[in-house]
Amino acid sequence: GFMKFGGTGADGALTITSGTTSVDLGGAAIVIKNYTSISITGTGKLAFTNPHADGTVVVLKSMGNVTLTSSQAPMIDCSSLGAQTGGTGGSRGSGPANQYGTNGNGGVTPLLNTGGGEGVGSGGVNNGGTAPTAYNFSVAYHAFQNLIQKYPKMFLGGAGGGGQAVYTSGSGGSIVGGNGGKGGGCLIIECAGSWNFTTAGGISVAGANGTNAIFSAGPSTYNAGCGGGGGGGFFLALY
């Protein structure tokens with residue numbers, strides 16, 4: 001279908017001068033907003049809630065000017081909008097034994113990446129998530145087909161892997177490895193007017209940190225790893 005650069009303006013003007021305005025993504029894989037103009041100034045901030053389990057691609061279209069001069073950093077926050085399921089930490093209540101964490105999941109867009117690998121034992125290693133390398137037709141292709149032609153390299157960050165829990169002796173209490181962080185989001189802005197962006201660090205598609213391990217153990221020898229951080233996402237501005 002025909003897609004007009006800068007959108008239709010159907011959502012009116014987006015103007016934020018203070019506080020945080022949140023857009024509910026409704027669990028959708030793709031959310032497109034059509035504004036007549038975008039202005040985030042003063043101390044204003046734009047955030048997003050309720051992304052898809054595999055992450056949400058957010059497209060902001062503006063028929064007119066885009067003015068991004070707010071002192072907030074970030075003023076547009078698409079962090080942690082990628083793959084939502086980080087690996088869970090392993091859990092042990094006795095020893096000697098270990099329990100690996102689980103893999104994080106990947107962000108699903110036409111470009112496929114993977115989440116971080118599970119935490120493994122002492123002296124072992126595991127892989128982080130891959131960079132987007134393969135065209136992914138296994139997702140709901142038709143949902144992305146219009147965007148693929150305009151933004152063929154868009155991707156969502158994969159989630160981090162979970163940390164391992166290890167008892168080396170004794171029993172009692174419990175230890176739990178940390179959980180992996182969520183992946184970074186995918187943000188695309190189309191500006192058919194003037195582009196005015198003045199704030200360093202004003203736009204974020206960062207992945208989230210993993211969580212710390214939890215220890216509530218008795219007189220035993222034990223250790224556990226933190227969860228891995230989520231991979232960063234993708235940002236594209238066209239004007």
Q) Same cluster for L46 and V59 if Ile/Leu/Val/Met/Phe/Trp/Tyr side chains link at under 4.5 Å? A) no
Contacts of N212 meeting side chain to side chain donor-acceptor pair (under 3.5 Å) (sequence neighbours excluded), chain-then-number -> none
Show the atom names and distances, to 0.1 Å, of all donor-acceptor pairs under 3.5 Å that link a side chain in residues 23-32 to residues at least two apart or in another chain.
unit_1	atom_1	unit_2	atom_2	d
D24	OD1	G26	N	2.8
D24	OD1	N50	ND2	3.3

* To do: Test side-chain contact (heavy atoms from CB on, under 4.5 Å) on L60 and V66 and set out the steps.
  => CA-CA 10 Å; L60 305 180; V66 173; over 6 Å; no
(message) Check this for me: F235, atom CZ, are more than 12 non-hydrogen atoms of other residues, nucleotides or ligands nearer than 6.0 Å?
(response) yes
For H52 and T56, the nearest pair of non-hydrogen atoms, with its separation, is N-OG1, 2.9 Å
In short, S204 meets A206 closest at the heavy-atom pair OG-N, 3.3 Å
Answer yes if W195 and V205 sit in the same cluster of Ile, Leu, Val, Met, Phe, Trp and Tyr residues linked by side chain heavy atoms under 4.5 Å apart, and no otherwise.
yes
Residue pairs passing the salt bridge (charged side-chain N to carboxylate O under 4.0 Å, His left out) test with at least one member in residues 182-205, sequence neighbours excluded, are K150-E190
* Same cluster or not: are M63 and L14 linked, directly or through other Ile, Leu, Val, Met, Phe, Trp or Tyr residues, by side-chain heavy atoms under 4.5 angstrom apart? -> no
One should read off an interatomic distance between N65 CG and S194 OG, to the nearest 0.5 angstrom, of 4.5 Å
Whether T211 side chain and N179 backbone form a donor-acceptor pair below 3.5 Å: yes
The complete set of salt bridge (charged side-chain N to carboxylate O under 4.0 Å, His left out) pairs with one or both residues in residues 230-239, sequence neighbours excluded, reads none
Run the side-chain donor-acceptor check on residues 74-83: report pairs under 3.5 Å with partners two or more places apart or on a different chain.
unit_1	atom_1	unit_2	atom_2	d
D77	OD1	S79	N	3.0
D77	OD1	S79	OG	2.5

For the backbone of A13 and the side chain of T36, can you confirm whether one donor and one acceptor N or O come within less than 3.5 Å of each other? yes
Value for CD1 (I40) from CD (Q72), rounded to nearest 0.5 Å, stands at 10.5 Å
Nearest heavy-atom contact between S70 and G44 is OG-O, 2.7 Å
task: Walk me through it: do L68 and T199 pass the test side-chain contact (heavy atoms from CB on, under 4.5 Å)?
output: CA-CA 7 Å; L68 305 175; T199 305; over 6 Å; no
Residues at least two apart in sequence or cross-chain that pass side-chain contact (heavy atoms from CB on, under 4.5 Å) with L236, listed by chain then number, are Y151, I188, F234, L238
Output for pair (I38 CD1, C191 SG), nearest 0.5 Å, gives 7.5 Å
Sequence neighbours excluded, the answer for side-chain contact (heavy atoms from CB on, under 4.5 Å) partners of D11 is K33, N34, Y35
For A73, the side-chain contact (heavy atoms from CB on, under 4.5 Å) test, sequence neighbours excluded, returns none
For T69, the side-chain contact (heavy atoms from CB on, under 4.5 Å) test, sequence neighbours excluded, returns T41, T67, N196, T198
